[in-house]
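Heads up: the structure comes next, in structure tokens.
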Amino acid sequence: MMMMQIQETPNQKNSLFNAMNRFIGAVNNMDQTIMVPSLLRDVPLLEEDKEPGQGVPKADVDEGDMYSYYQLLKSIRRDIEWGVRCAAADERRKEGMKLARSHSSASTSSFASSSSLSSSASSSEEEEEEDEDLQKQFQFHLTGLQGVLSKLTQQANSLTKRYKQEIGIGGWGQ
């Protein structure tokens with residue numbers, strides 16, 4: 001699959017779309033460069049590969065080797081491109097449907113009456129506060145996501161460079 005590269009303007013440099021494109025591009029480059037991923041097995045991540053405060057949780061990288069991190073980066077790329085499908089979330093959704101079917105119509109009517117009371121009590125001020133709060137939450141998460149994508153992009157580039165060094169082509173293609 002080919003992704004069309006879009007020219008970044010200075011105003012778009014920090015956009016989520018461009019951060020995702022940079023990450024996906026770095027992982028695609030890593031994937032195309034690393035012809036034999038099994039060579040990464042048992043090659044430890046060096047301390048310089050992990051920037052301060054950027055440690056990888058043990059649950060994500062089994063042994064802390066380059067192969068595990070390579071797999072993790074590819075998995076994150078797949079999640080970005082295709083969406084996150086979590087088996088646990090699917091199970092919760094199914095359980096929720098079972099519970100909804102088992103409730104009587106009486107509980108549904110009591111919910112309807114309580115929601116009508118709460119909606120009549122809410123004012124436009126509260127709605128504005130909620131909208132402002134949603135905007136703050138969105139900006140907070142967007143900033144965090146962009147930061148994580150930037151670090152992951154650096155990690156993909158670092159892993160690619162390290163692979164080249166391991167197989168003796170350190171200065172090739174740079």
Side-chain angles (χ1 to χ4, degrees), residues 1-93 128-174:
M1 165 174 65
M2 290 290 269
M3 278 195 103
M4 199 169 105
Q5 292 293 326
I6 297 174
Q7 198 72 355
E8 285 183 26
T9 66
N11 295 338
Q12 294 174 320
K13 182 180 177 193
N14 295 320
S15 80
L16 177 61
F17 182 73
N18 287 324
M20 288 188 312
N21 273 338
R22 283 190 296 271
F23 170 72
I24 290 169
V27 174
N28 287 344
N29 182 46
M30 176 190 78
D31 210 13
Q32 291 168 359
T33 301
I34 299 174
M35 297 299 202
V36 186
S38 61
L39 291 176
L40 299 172
R41 288 191 193 275
D42 301 323
V43 177
L45 286 169
L46 299 176
E47 283 307 310
E48 67 238 24
D49 293 336
K50 301 176 195 172
E51 292 186 15
Q54 194 177 341
V56 181
K58 278 288 184 194
D60 290 341
V61 180
D62 299 331
E63 299 298 315
D65 66 356
M66 288 178 55
Y67 181 78
S68 298
Y69 208 64
Y70 169 81
Q71 293 295 347
L72 175 68
L73 290 166
K74 285 181 57 171
S75 173
I76 292 170
R77 176 189 62 188
R78 187 174 44 253
D79 288 346
I80 288 173
E81 291 177 333
W82 298 100
V84 179
R85 296 283 307 167
C86 180
D90 287 344
E91 285 301 313
R92 284 193 299 270
R93 184 177 50 80
E128 283 179 24
E129 256 181 50
E130 287 176 17
D131 289 345
E132 196 174 297
D133 187 45
L134 286 175
Q135 183 178 11
K136 286 178 184 175
Q137 287 178 25
F138 175 75
Q139 290 171 346
F140 173 79
H141 290 292
L142 183 63
T143 302
L145 182 57
Q146 288 171 324
V148 168
L149 283 169
S150 176
K151 290 176 184 177
L152 288 170
T153 301
Q154 291 169 359
Q155 289 297 317
N157 290 333
S158 174
L159 197 133
T160 303
K161 182 179 175 184
R162 194 69 202 286
Y163 174 82
K164 289 178 181 180
Q165 290 170 348
E166 290 291 323
I167 64 169
I169 57 170
W172 181 75
Q174 293 182 357

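Worth saying up front: this structure is predicted, and the values here are computed from it rather than measured. Numbers here are sequence positions counted from 1.
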Notebook entry, point to check: Taking all atoms of both residues into account, what is the closest heavy-atom pair of Met66 and Tyr163, and its distance?
Noted result: CE-N, 4.0 Å
Check: Sequence neighbours excluded, which residues qualify as salt bridge (charged side-chain N to carboxylate O under 4.0 Å, His left out) partners of Asp31?
Finding: Lys74, Arg77
Item checked: Value rounded to 0.5 Å, distance of NE2 in His141 from CG in Leu16 -> 13.5 Å
Note to self: Going by the rule side-chain hydrogen bond (donor to acceptor under 3.5 Å, both in side chains), which residues pair with Gln137 if we only count those two or more places apart in sequence or in a different chain?
What the structure shows: Asp133
Checklist line | Closest non-hydrogen atom pair, Tyr67 against Pro37 | finding: CD1-O, 3.2 Å
Margin query: Between Ser68 and Asp65, do the side chains contain a donor N or O and an acceptor N or O under 3.5 Å apart?
Written below: yes
Item checked: Euclidean distance, Asn29 CG relative to Leu159 CG, rounded to 0.5 Å -> 11.0 Å
Note to self: On a heavy-atom basis, which atom in Ala19 and which in Thr153 lie closest, and how many Å separate them?
What the structure shows: O-OG1, 4.4 Å
Margin query: Using the rule side-chain contact (heavy atoms from CB on, under 4.5 Å), only one of Val148, Leu73, Asn18 pairs with Phe23; which is it?
Written below: Leu73
Note to self: I need the Glu166 CD to Lys161 NZ distance, nearest 0.5 Å.
What the structure shows: 13.0 Å
Note to self: Distance check, rounded to the nearest 0.5 Å: Arg22 atom CZ versus Gln146 atom CD?
What the structure shows: 8.5 Å
Next item on the list: Drop me the distance from Leu145's CG to Phe140's CZ, to the nearest 0.5 angstrom.
Entry: 11.5 Å
Notebook entry, point to check: Which atoms form the tightest heavy-atom contact between Leu39 and Val43, and what is the distance?
Noted result: O-CG2, 3.4 Å
Next item on the list: Return yes if some donor-acceptor pair links the side-chain N/O of Ser158 with the main-chain N/O of Gln154 below 3.5 Å, else return no.
Entry: no
Item checked: Euclidean distance, Leu152 CG relative to Ile76 CD1, rounded to 0.5 Å -> 4.5 Å
